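Everything numeric in this text was worked out from a predicted model, so none of it was measured. Each residue takes its place number in the sequence, starting with 1.
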Amino acid sequence: MNSGRKNAVIPGVLFIVATAAALAAATVEPVLSGTDYLTKVAANASLVAGGAVFYLIAAFTSVGIAISLYPVLKTWNTGLALGSVVFRTMEAVLYIAAVVSLLSLVTLSQHFAHAGAADLPSLQAMGDSLRSMREHAYLAAVFAFSLGAFMYYYLFFQSRLIPRWLSGWGIAGTVLMLAACLMALFSDSYVTGYALLILPIAVQEIVLAVWLIVKGFNAPAIASRSANTGNERVLERGIA
């Protein structure tokens, strides 16, 4: 496999792994809902721990996507390519913070399950705080994802490395995701409650992953950019 093909396949595979991990991690959401969530967490500690592992996989593959795209996209705009790496790194860090809160809930739920009646209100309050911290960290992570993804989809659209219908779909999907984040922020609700706004980018990333693995990047666009860059360097040397 040549380097150009590898530059497309690696992010394609990472897109699939990140999506699969996020879907697997979402299986813990029902356990965290309702007023009796501490009891449910205590009864499903292994499920929650497994969900935490999948969240970590999603976090690391998310930043891996931006890093793997950087060598290709920096040719068009180094600042935006680097910005996508920064924001998706922030996303990963915030996902990790959400995981720490989630695992802390597991420990707290074990204390809650064996606590006396006098201790239950204070443990419940601590649990509410940890659950809220997790949700806010998750929301901030989705904000960071939306900004980072918008940057590389804009570069895809500008460079024609992938078809413009696909990169335009990505731009529209990230804007809808940002709208979902803002609605969740101002309504103090879960961003996952806005499924219709999240669905377009979720489907688009799967389509993009398949495209990158099967078709790769547009070779003429890369060749044209490389030629232009070479000519610019020749001109700069001549001026110097």
Q: Please say yes or no: joined through hydrophobic side-chain contacts below 4.5 Å, possibly via intermediate residues, are Met133 and Phe143 part of one cluster?
A: no
Q: Do you know which two heavy atoms are closest between Ala22 and Ala58, and how far apart they sit?
A: N-CB, 4.2 Å
Q: For Tyr194 and Ser189, which I'm curious about, is there any donor-acceptor pair between the side chains at under 3.5 Å?
A: yes
Q: Could you check whether atom OH of Tyr154 has more than 12 heavy atoms from other residues, nucleotides or ligands sitting under 6.0 Å from it?
A: no
Q: If you compare all heavy atoms of Ile57 against all heavy atoms of Ala21, which two are closest, and at what distance to 0.1 Å?
A: CG2-CB, 3.8 Å
Q: Give every residue pair that meets the ring pair (Phe, Tyr, Trp, His ring centres under 6.0 Å) criterion with at least one member in residues 92-137, sequence neighbours excluded.
A: Tyr95-Tyr138
Q: How far apart are the closest heavy atoms of Gly34 and Arg131, and which atoms are they?
A: O-NH1, 3.3 Å
Q: At their closest point, which heavy atom of Ile201 faces which heavy atom of Met177, and how far apart are they?
A: CG2-CE, 3.6 Å
Q: Tell me, which pairs form a salt bridge (charged side-chain N to carboxylate O under 4.0 Å, His left out) where one or both residues lie in residues 11-32, sequence neighbours left out?
A: Glu29-Arg134
Q: So, for Lys40 and Ser33, which heavy atoms are closest and what is the spacing to 0.1 Å?
A: NZ-O, 2.7 Å
Q: If you count every heavy atom of other residues, nucleotides or ligands that lies below 6.0 Å from Asp36 atom CG, does the total exceed 12?
A: yes
Q: Minimum heavy-atom separation for Gly127 and Tyr37, please, with both atom names.
A: C-OH, 2.8 Å
Q: Considering only heavy atoms from C-beta outward, does the side chain of Ile16 approach that of Ile213 to under 4.5 Å?
A: yes
